[in-house]
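What you see is a predicted model; the values in this text were computed from it and never measured.
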Amino acid sequence: MKSWSSRLLVIAAVAGVAGCATWARWTHKAEPAAVPAPPPEARAAHVMLAPAEIKWRPFPPGGAGAKLAVLSGDPEMAGPFVIRIRQPARAKVPPHWHPTDEHVTVVKGTMYFAMGEKFHTRGARELPAGSYLLLPAKMPHFAWTSRKGESIIQVHGMGPFQIIFVNPADDPRNKPGKR
């Protein structure tokens with residue numbers, strides 16, 4: 001018959017070994033599996049743009065005077081993209097939605113955003129430069145810029161990026177002479 005002290009010593013030894021094994025599992029960093037590099041044509045190019053290098057073009061869905069710049073990716077294709085939208089003071093964007101999530105950062109000026117299928121100012125959120133919002137896929141929303149100065153927002157998400165107006169008659173692309 002073994003003594004209590006020898007039994008206690010065996011239990012402590014087993015617990016110590018088990019504890020060391022657990023500690024090693026929690027703290028051990030596995031070596032990353034070797035992943036072959038994608039071929040050069042499949043790699044995304046790095047992008048570095050100073051403000052003067054950003055190329056703006058007309059953006060009819062944004063209304064009169066709106067401009068768009070593609071910073072990375074292709075918003076018309078499947079995959080990640082980053083765009084900027086510049087709008088003049090007092091611009092309004094009628095209720096619309098997107099088939100994918102839209103991540104928006106206000107880069108310059110002040111924007112007002114609200115949710116819903118009808119344009120109204122009740123419940124709108126004033127978002128100055130530096131603000132961020134996430135608009136989930138298919139959530140109807142609308143926006144307008146402040147009365148003073150232009151506003152620029154940066155949008156990133158997964159393409160293809162589409163704007164579906166709640167009321168097709170509100171789509172600036174459908175206005176006569178705007179094609």
Hydrophobic side-chain clustering at under 4.5 Å (ILVMFWY, transitive links): who's grouped with Tyr132? Put none if nobody.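 ILVMFWY cluster around Tyr132 also holds Leu134.
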May I ask you to list the residues sharing a hydrophobic cluster with Tyr112, side-chain cutoff 4.5 Å, ordered by chain and number?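 Grouped by the 4.5 Å side-chain rule, Phe119, Phe142, Trp144 form the rest of the cluster around Tyr112.
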Answer yes or no: is there a donor N or O on one side and an acceptor on the other, between the side chain of Asp101 and the main chain of Ala137, under 3.5 Å?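 Yes, the answer is positive, given that a donor and an acceptor are paired below the 3.5 Å cut-off.
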Donor-acceptor pair, distance only, cut-off 3.5 Å: does the side chain of Asn174 make one with the backbone of Pro168?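 Indeed, once roles are kept as given, a pair shorter than 3.5 Å links the two residues.
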Rounded to the nearest 0.5 Å, what separation is found between the [atom1] atom of [X] and the [atom2] atom of [Y]?
{"X": "Leu49", "Y": "Ser72", "atom1": "CG", "atom2": "OG", "answer": "8.5 Å"}
{"X": "Thr110", "Y": "Glu126", "atom1": "OG1", "atom2": "CD", "answer": "5.5 Å"}
{"X": "Leu133", "Y": "Met115", "atom1": "CG", "atom2": "CE", "answer": "6.5 Å"}
{"X": "Leu68", "Y": "Ile83", "atom1": "CG", "atom2": "CD1", "answer": "5.0 Å"}

Verdict with supporting geometry, Arg173 and Phe165, side chain to side chain contact (heavy atoms under 4.5 Å, CB included): CA-CA 10 Å; Arg173 297 168 290 192; Phe165 287 87; 3.8 Å; yes
With heavy-atom distances below 4.5 Å as the criterion, would you say the side chains of [X] and [Y] are in contact?
{"X": "Ile164", "Y": "Pro99", "answer": "yes"}
{"X": "Val104", "Y": "Leu135", "answer": "yes"}
{"X": "Leu127", "Y": "Phe113", "answer": "yes"}
{"X": "Pro128", "Y": "Val106", "answer": "no"}
{"X": "Lys118", "Y": "Pro95", "answer": "no"}
{"X": "Ile153", "Y": "Met111", "answer": "yes"}

Could you list the residues that satisfy salt bridge (charged side-chain N to carboxylate O under 4.0 Å, His left out) with Arg86, not counting sequence neighbours?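 With sequence neighbours excluded, Arg86 shows a salt bridge (charged side-chain N to carboxylate O under 4.0 Å, His left out) to Glu150, given in chain and number order.
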Sequence neighbours excluded, which residues qualify as salt bridge (charged side-chain N to carboxylate O under 4.0 Å, His left out) partners of Asp170?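 Applying salt bridge (charged side-chain N to carboxylate O under 4.0 Å, His left out) to Asp170 gives none.
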Could you go through the side chain to side chain contact (heavy atoms under 4.5 Å, CB included) check for Val107 and Arg84 one step at a time? CA-CA 9 Å; Val107 175; Arg84 286 195 181 164; 4.2 Å; yes
Group every Ile, Leu, Val, Met, Phe, Trp and Tyr by side-chain heavy-atom contacts under 4.5 Å, then state whether [X] and [Y] land in the same group.
{"X": "Ile54", "Y": "Val47", "value": "yes"}
{"X": "Val70", "Y": "Ile152", "value": "no"}
{"X": "Phe81", "Y": "Leu71", "value": "no"}
{"X": "Val155", "Y": "Met158", "value": "no"}

Would you say the rings of Phe161 and His98 are close, in the sense that their centroids are separated by under 6.0 Å? yes
Side chain to side chain contact (heavy atoms under 4.5 Å, CB included), that's the test. Do Val166 and His96 meet it? Break it down for me. CA-CA 5 Å; Val166 171; His96 64 282; 5.6 Å; no
May I have all residue pairs that pass ring pair (Phe, Tyr, Trp, His ring centres under 6.0 Å) and include part of residues 51-80, sequence neighbours excluded? none
Any idea which heavy atoms bring [X] and [Y] closest together, and the distance?
{"X": "Gly62", "Y": "Val93", "value": "O-CG2, 4.3 Å"}
{"X": "Lys92", "Y": "Pro94", "value": "O-CD, 3.7 Å"}
{"X": "Pro88", "Y": "Ala66", "value": "CD-N, 4.2 Å"}
{"X": "Ala114", "Y": "Ala124", "value": "CB-CA, 3.8 Å"}

Using the ring of each side chain (for Trp, its six-membered ring), is His103 parallel, tilted or perpendicular to His156, with breaks at 30° and 60°?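 Parallel: the ring planes of His103 and His156 meet at under 30°.
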Thr100: partners by side chain to side chain contact (heavy atoms under 4.5 Å, CB included), with sequence neighbours left out: none
Please lay out, stage by stage, how His141 and Glu102 fare under the test side chain to side chain contact (heavy atoms under 4.5 Å, CB included). CA-CA 11 Å; His141 59 279; Glu102 180 182 34; 3.3 Å; yes
Is the number of heavy atoms from other residues, nucleotides or ligands within 6.0 Å of CE (Met77) greater than 12?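 Incorrect, the count does not exceed 12.
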